[in-house]
Undergrad: 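What follows is a structure written as structure tokens; I'll ask about it next.
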Amino acid sequence: MSQVVVRPAREDDVPAMAEVTARAYHQVDLATYQRSWPDPVLRPPQRHGHWMARTRHVLGTDPRGCWVAEVDGELVGCSLSRVRELMWILSSFAVLPGHQGQGIGTQLLGAALHHGRGCLRGMLASSADPRAVRRYRQAGFSLHPQLLLRGEVDRTLLPVVERVREGSASDVDLMDSVDRRTRGAAHGPDHEPLLAQFRLVVCDRSTGSGYAYVGDNGSPVLLAATNRRTATDLMWEAIASSPPGGGVEVHHVTAANEWAIDVGLAARLEVHQSGYLALRHMTPPVPYLHHGSLL
Ligand SMILES: CC(C)(COP(=O)(O)OP(=O)(O)OC[C@H]1O[C@@H](n2cnc3c(N)ncnc32)[C@H](O)[C@@H]1OP(=O)(O)O)[C@@H](O)C(=O)NCCC(=O)NCCS
């Protein structure tokens, strides 16, 4: 009989955790997206490296929020969570295909939730996997469907965006203020991996402030602003930087953020449905596009 051991994650578990999460998420992508677009890929090397850097970071800030499961000495699952200003955030949750549906995820999620026991609010980006959805709802999270905007930006339609500038570490206080207003908790130390991995653009006008971290393909991977007008300008600035001829993806758009759907439609992107924003004791942040693991 196989023995399951759930224990705190360690630094030397990071490569195995990266492998487990890549394989588990790829399995969900294959099941979910095959009908919408043809070729979901296993996490590419650059994103794999980013994932490992973010995981080392959360192991440093929240060692008691990070757990692994072993079966007969093999690492088969993990849950990674962080607490930011009384907000509990689940960053990764995966069990290797072949070991799923046997109660291992329940134990891992329970351990991560214990880390957030003093928190009023919680948030996580749920995949469409029915096992994950079941776990989150049973843990008391409300499920808000997310849209995904995807396609090539029609460059003839790009508007002129004024007074959006490149950002830097000196903007952290401004960004933390915007986050407290939109999602109720600052990102604090999480700006370190974000600044290392993405381009930052900032808008700080008398009429509104906000920021967006932007991926190489022009995707706004995290965007927050004090009003919709500022958020709209930041999203245009981000997607305008997508390489001509390449596609852009804007993930994690909740129905509450219709301003983002409107920008996507104006740029002639396609709208798809993709997983859920799962929240406890809070409503979907607005205007806000959350990051998949740093939320
Ligand atoms: C989500 C995940 C981590 C859960 O781990 P797990 O070990 O499978 O979880 P458990 O076995 O503890 O719980 C799964 C639940 O789903 C149920 N289940 C199993 N197969 C199912 C299916 N095909 N459809 C619906 N429910 C299913 C199980 O009965 C169980 O519910 P119950 O305890 O109320 O009976 C794991 O399935 C996984 O890695 N999925 C792919 C990656 C993913 O989507 N991760 C979440 C990212 S947000």
Side-chain angles (χ1 to χ4, degrees), residues 1-7 9 13 16-34 36 40-43 47-48 50-52 54-55 58 62 65-72 74-82 87-116 122-148 221-222 249 251-254 272-280 284 289-295:
M1 171 108 178
S2 297
Q3 200 195 348
V4 180
V5 174
V6 172
R7 61 161 175 82
D13 294 321
M17 289 195 281
E19 200 56 42
V20 165
T21 53
R23 285 173 59 188
Y25 297 158
H26 185 234
Q27 169 209 26
V28 181
D29 287 348
L30 285 173
T32 313
Y33 296 132
Q34 235 157 10
S36 314
V41 290
L42 201 61
R43 190 190 285 145
R47 280 189 50 216
H48 209 59
H50 282 183
W51 192 92
M52 289 202 279
R54 288 200 300 271
T55 299
V58 71
D62 296 70
C66 304
W67 297 82
V68 295
E70 290 176 333
V71 172
D72 299 333
E74 182 199 2
L75 195 152
V76 301
C78 65
S79 58
L80 304 173
S81 70
R82 66 192 71 215
M87 165 97 77
W88 177 83
I89 294 161
L90 185 67
S91 299
S92 284
F93 178 42
V95 170
L96 212 50
H99 291 274
Q100 295 170 357
Q102 298 165 30
I104 297 175
T106 303
Q107 291 186 59
L108 284 167
L109 186 61
L113 279 165
H114 187 71
H115 179 56
M123 77 193 290
L124 62 96
S126 171
S127 71
D129 182 16
R131 300 170 197 84
V133 173
R134 187 171 174 84
R135 285 276 64 84
Y136 298 144
R137 182 62 201 136
Q138 288 185 337
F141 285 82
S142 298
L143 299 161
H144 302 270
Q146 293 171 158
L147 304 178
L148 161 63
V221 295
L222 169 61
E249 287 183 359
H251 290 261
H252 309 141
V253 182
T254 55
H272 298 270
Q273 205 271 314
S274 168
Y276 305 86
L277 172 61
L279 299 175
R280 200 148 77 163
L289 302 177
H290 54 274
H291 186 271
S293 64
L294 305 173
L295 276 299

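The analysis underlying the following values was restricted to heavy atoms, covering all of them including side chains, and did not include hydrogens, waters or symmetry mates. Note that ligands are numbered from 1 as they come in the structure, with each ligand's atoms numbered from 1 the same way.
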Undergrad: Under 3.5 Å, is there a donor-acceptor pair between the side chain of W51 and the main chain of M17?
TA: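 Answer holds: no.
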Undergrad: Pick one of side chain, backbone, both or neither for how Y276 approaches ligand 1, counting any non-hydrogen atom pair under 4.0 Å.
TA: neither
Undergrad: Would you say Q273's side chain and Q146's backbone share a donor-acceptor pair under 3.5 angstrom?
TA: yes
Undergrad: Out of Q100, Q138, Q102, R137, indicate the one that has the non-hydrogen atom closest to atom 36 (C) of ligand 1.
TA: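 When every heavy atom of Q100, Q138, Q102, R137 is considered, Q100 comes closest to atom 36 (C) of ligand 1.
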Undergrad: Does V76 have any side-chain contact (heavy atoms from CB on, under 4.5 Å) partners at least two apart in sequence or in another chain, and if so, which?
TA: A69, V71, E74, L96, H99, I104
Undergrad: Should the proximity of S126 to ligand 1, defined as any heavy atom under 4.0 Å, be assigned to the side chain, the backbone, both, or neither?
TA: backbone
Undergrad: I need the contact type for A125 against ligand 1. Using non-hydrogen atoms and a strict under-4.0 Å cut-off, is it side chain, backbone, both or neither?
TA: backbone
Undergrad: Please indicate whether Q3 has more than 12 foreign heavy atoms, meaning atoms of other residues, nucleotides or ligands, lying under 6.0 Å from its CD.
TA: no
Undergrad: Between Q107 and ligand 1, which residue portion shows a heavy-atom distance shorter than 4.0 Å: side chain, backbone, both, or neither?
TA: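 No part of Q107 comes within reach of ligand 1.
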Undergrad: Looking only at protein heavy atoms, which one is nearest to atom 8 (O) of ligand 1, and what is the separation?
TA: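 In this structure, atom 8 (O) of ligand 1 has G101 N, 2.8 Å as its nearest protein heavy atom.
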Undergrad: Closest non-hydrogen protein atom to atom 7 (O) of ligand 1, residue and atom name please, with distance?
TA: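 The closest heavy atom on the protein side is G105 N, 2.8 Å.
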Undergrad: Nearest heavy-atom pair of A24 and Q100: which atoms, and what distance?
TA: CB-NE2, 4.3 Å
Undergrad: Of the protein's non-hydrogen atoms, which lies at the shortest distance from atom 15 (C) of ligand 1, and what is that distance?
TA: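 Here the closest protein heavy atom is R135 NH1, 3.3 Å.
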Undergrad: Which residue pairs pass the side-chain hydrogen bond (donor to acceptor under 3.5 Å, both in side chains) test with at least one member in residues 101-111, sequence neighbours excluded?
TA: T106-R135
Undergrad: Looking at T106, which atoms of ligand 1 are within less than 4.0 Å of one of its heavy atoms?
TA: 10 (P), 12 (O), 13 (O)
Undergrad: Please write down residue, atom name and distance for the protein heavy atom closest to atom 34 (O) of ligand 1.
TA: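 That would be R134 NE, 2.8 Å.
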Undergrad: Is there at least one pair of N or O atoms, one from Y136 and one from ligand 1, spaced under 3.5 Å apart?
TA: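 No - when backbone and side-chain N and O of Y136 are compared with those of ligand 1, no distance drops under 3.5 Å.
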Undergrad: So which bit of V95 gets within less than 4.0 Å of ligand 1, heavy atoms only: side chain, backbone, both or neither?
TA: both
Undergrad: Considering only heavy atoms of A132, which atoms of ligand 1 have at least one such atom less than 4.0 Å away?
TA: 1 (C), 46 (C)
Undergrad: What part of V28 sits under 4.0 Å from ligand 1 if we count only heavy atoms: the side chain, the backbone, both or neither?
TA: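 The answer is the side chain of V28.
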Undergrad: Report the nearest protein non-hydrogen atom to atom 44 (O) of ligand 1: residue, atom name, distance rounded to 0.1 Å.
TA: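 For atom 44 (O) of ligand 1, the nearest protein heavy atom is S127 OG, 2.5 Å.
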Undergrad: Short question: side chain of S81, backbone of L90 - any donor-acceptor pair under 3.5 Å?
TA: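 It does not hold such a pair.
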Undergrad: Go through the side-chain N and O atoms of R54 and S91 and say whether any donor and acceptor fall under 3.5 Å apart.
TA: no
Undergrad: Among all the protein's non-hydrogen atoms, which is closest to atom 19 (C) of ligand 1, and how far away is it?
TA: R131 CG, 3.6 Å
Undergrad: Out of A31, A24, G103, whose heavy atom sits nearest atom 10 (P) of ligand 1?
TA: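 Closest candidate by heavy-atom distance is G103.
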Undergrad: Give me the nearest non-hydrogen protein atom to atom 24 (N) of ligand 1 as residue plus atom name, then the distance to 0.1 Å.
TA: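 Closest protein heavy atom to atom 24 (N) of ligand 1: P130 CB, 3.5 Å.
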Undergrad: Of all the heavy-atom pairs spanning H48 and A22, show the shortest one and how long it is.
TA: CE1-CB, 4.1 Å
Undergrad: Apply the side chain to side chain contact (heavy atoms under 4.5 Å, CB included) test between T254 and each candidate in L277, L289, L279; give the one that qualifies.
TA: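 Only match with T254 under side chain to side chain contact (heavy atoms under 4.5 Å, CB included): L277.
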Undergrad: If the plane angle is over 60° it's perpendicular, under 30° parallel, otherwise tilted; pick one for H290 and H252.
TA: parallel
Undergrad: List the closest protein heavy-atom neighbour of atom 45 (N) of ligand 1: residue, atom name, distance to the nearest 0.1 Å.
TA: F93 O, 2.8 Å
Undergrad: Using the rule side chain to side chain contact (heavy atoms under 4.5 Å, CB included), only one of T21, V6, V95 pairs with C78; which is it?
TA: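 Passing option: T21.
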